[in-house]
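So the structure is just underneath, and the comments pick up after that.
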Amino acid sequence: MQKIYEGALAFQNAGFKERKALFAELSHGQSPDVFFITCADSRIDPALLTQSEPGDLFVCRNAGNIVPPHSHRACGETASLEYAVAVLGVSHIVVCGHSDCGAMKGALNPDALHDLPHVHQWIDHARAAVDAVRASNGTADIDDLDMVIEQNVLLQLQHLRTHPVVAARLATQQLTLHGWVFDIASGEIRAFDDTRDTFVPVAELAAQGPETALHA
């Protein structure tokens, strides 16, 4: 914890002062344009990945960047989603997976989660991603991890569409969905391009304009 304490002090003594005007504005409320859903993995930092400032992103993190399908059972992810869309009025939702994802390794080998019943139940929300890879390849094992990571991002985008608050905004073109995968080793971010039905370097989509995305 010593490193964390020292970091907190450094923020108070330098980082906060550099952004004092920004934090003064943010102290009265927030109006982020993007809801960023990603993994709880310690190697993933949404603000660092996007070079965003405080107030730019409304963030939800969990094991496997999962969004449960709509149901009448509340959970933190669905509550955050509802608030982001209905109250904050975000215009974009990004689901960002990443390489070497432990949650997707668990999805590929659910028997290994026997002693982690809550993790096992949670990761079941990614089962269809494994099934999709198996249907395509005939197999689904650790060698197919990258494909499962991609399919999981697409699956969670499908889950998002089942939520009424999302469906309504999509129908009126007030909301756009984006699927990303971050490669930890290279720093590359790939985004799903529905016109080519594949993930491509985010630079290619950025060059096409700010609204380029996976459209429902």
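By convention here, the first residue in the shown sequence is residue 1.
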Query raised in the report: What pair of heavy atoms forms the shortest contact from P32 to L88, and how long is it?
Result: CG-CD1, 3.9 Å
Requested in this report: State, yes or no, whether a side-chain contact exists between I142 and N109 at a heavy-atom distance under 4.5 Å.
Outcome: no
Report task. Please confirm whether the backbone N or O of V67 pairs with a side-chain atom of Q156, one donor and one acceptor, at under 3.5 Å? Result -> yes
Requested in this report: Give a yes or no on whether L155 and V166 share a hydrophobic cluster (residues Ile, Leu, Val, Met, Phe, Trp, Tyr; joining criterion: side-chain heavy atoms under 4.5 Å apart).
Outcome: no
Query - Under 3.5 Å: donor-acceptor pair, side chain of S136, backbone of V133 - result: no
Requested in this report: For residues F35 and A84, report the shortest heavy-atom separation together with the two atoms involved.
Outcome: CG-CB, 3.7 Å
Query - Other ILVMFWY residues reachable from W180 by side-chain steps of under 4.5 Å - result: V34, F36, I44, L49, L57, V59, V94, F182, I184, I189, V202
Query raised in the report: Which pair of non-hydrogen atoms, one from F199 and one from V181, has the smallest distance, and what is that distance?
Result: CE2-CG2, 3.8 Å
**Report entry** Minimum side-chain heavy-atom gap R127-P110 below 4.5 Å
**Finding:** no
Query - C101 versus C39, closest heavy-atom pair with distance - result: SG-SG, 4.4 Å
Report task. Check the angle between the aromatic planes of F11 and F23 and answer parallel, tilted or perpendicular using the 30° and 60° thresholds. Result -> perpendicular
Query - L170 vs L177, side chain to side chain contact (heavy atoms under 4.5 Å, CB included): CA-CA, chis, key distance, verdict - result: CA-CA 9 Å; L170 289 173; L177 306 182; 4.0 Å; yes
Query raised in the report: Got M1 and I4 here, is their nearest side-chain heavy-atom distance under 4.5 Å?
Result: yes
Requested in this report: Taking the side chain as every heavy atom from C-beta outward, state whether P68 and C75 have any pair of such atoms under 4.5 Å apart.
Outcome: yes
**Report entry** Within one Ile-Leu-Val-Met-Phe-Trp-Tyr cluster: F16 and L9, side-chain cutoff 4.5 Å
**Finding:** no
Report task. Check whether any side-chain heavy atom of D197 lies under 4.5 Å from a side-chain heavy atom of F192, and answer yes or no. Result -> yes
Report summary line: Rounded to the nearest 0.5 Å, the SG atom of C96 sits from the NE2 atom of H178 at a distance of 12.5 Å
Query - Residues clustering with I66 (ILVMFWY side chains joined when closer than 4.5 Å, directly or via others) - result: L113, L116, V119, W122, I123
Query - T162 side chain vs Q158 backbone, donor-acceptor pair below 3.5 Å - result: no
Requested in this report: Mark yes when over 12 heavy atoms from residues, nucleotides or ligands other than R73 sit less than 6.0 Å from its CZ; otherwise mark no.
Outcome: no
Query raised in the report: Which heavy-atom pair separates T50 from S52 by the least distance, and what is that distance?
Result: OG1-OG, 2.5 Å
Query raised in the report: Could you state the interatomic distance from OH (Y83) to OG1 (T78), rounded to the nearest 0.5 Å?
Result: 15.5 Å
Query raised in the report: Do the non-hydrogen side-chain atoms of L81 and C60 ever get within less than 4.5 Å of each other?
Result: no
Requested in this report: Show your working on side chain to side chain contact (heavy atoms under 4.5 Å, CB included) between R19 and L26 and close with a plain yes or no.
Outcome: CA-CA 10 Å; R19 295 172 174 81; L26 292 174; over 6 Å; no
Requested in this report: List the atom of A24, the atom of S27, and the distance in Å for their closest heavy-atom pair.
Outcome: O-OG, 2.6 Å
Query raised in the report: What pairs meet the salt bridge (charged side-chain N to carboxylate O under 4.0 Å, His left out) rule with one or both residues in residues 136-159, with sequence neighbours excluded?
Result: E150-R190
Query raised in the report: Residues in salt bridge (Lys or Arg N to Asp or Glu O under 4.0 Å) with D100, at least two apart?
Result: R43, K105
Query raised in the report: Between the side chain of N152 and the main-chain N/O of G97, is any donor-acceptor distance below 3.5 Å?
Result: no
Query raised in the report: Quick one: ring pair (Phe, Tyr, Trp, His ring centres under 6.0 Å) pairs with a partner in residues 149-174, sequence neighbours left out?
Result: H70-H163
Query raised in the report: Just checking, any donor-acceptor pair under 3.5 angstrom between side chains of T139 and N137?
Result: no
Query raised in the report: salt bridge (Lys or Arg N to Asp or Glu O under 4.0 Å) with E77: which residues, sequence neighbours excluded?
Result: none
Query raised in the report: Rounded to the nearest 0.5 Å, how far apart are NE2 of H98 and CG of D41?
Result: 4.0 Å
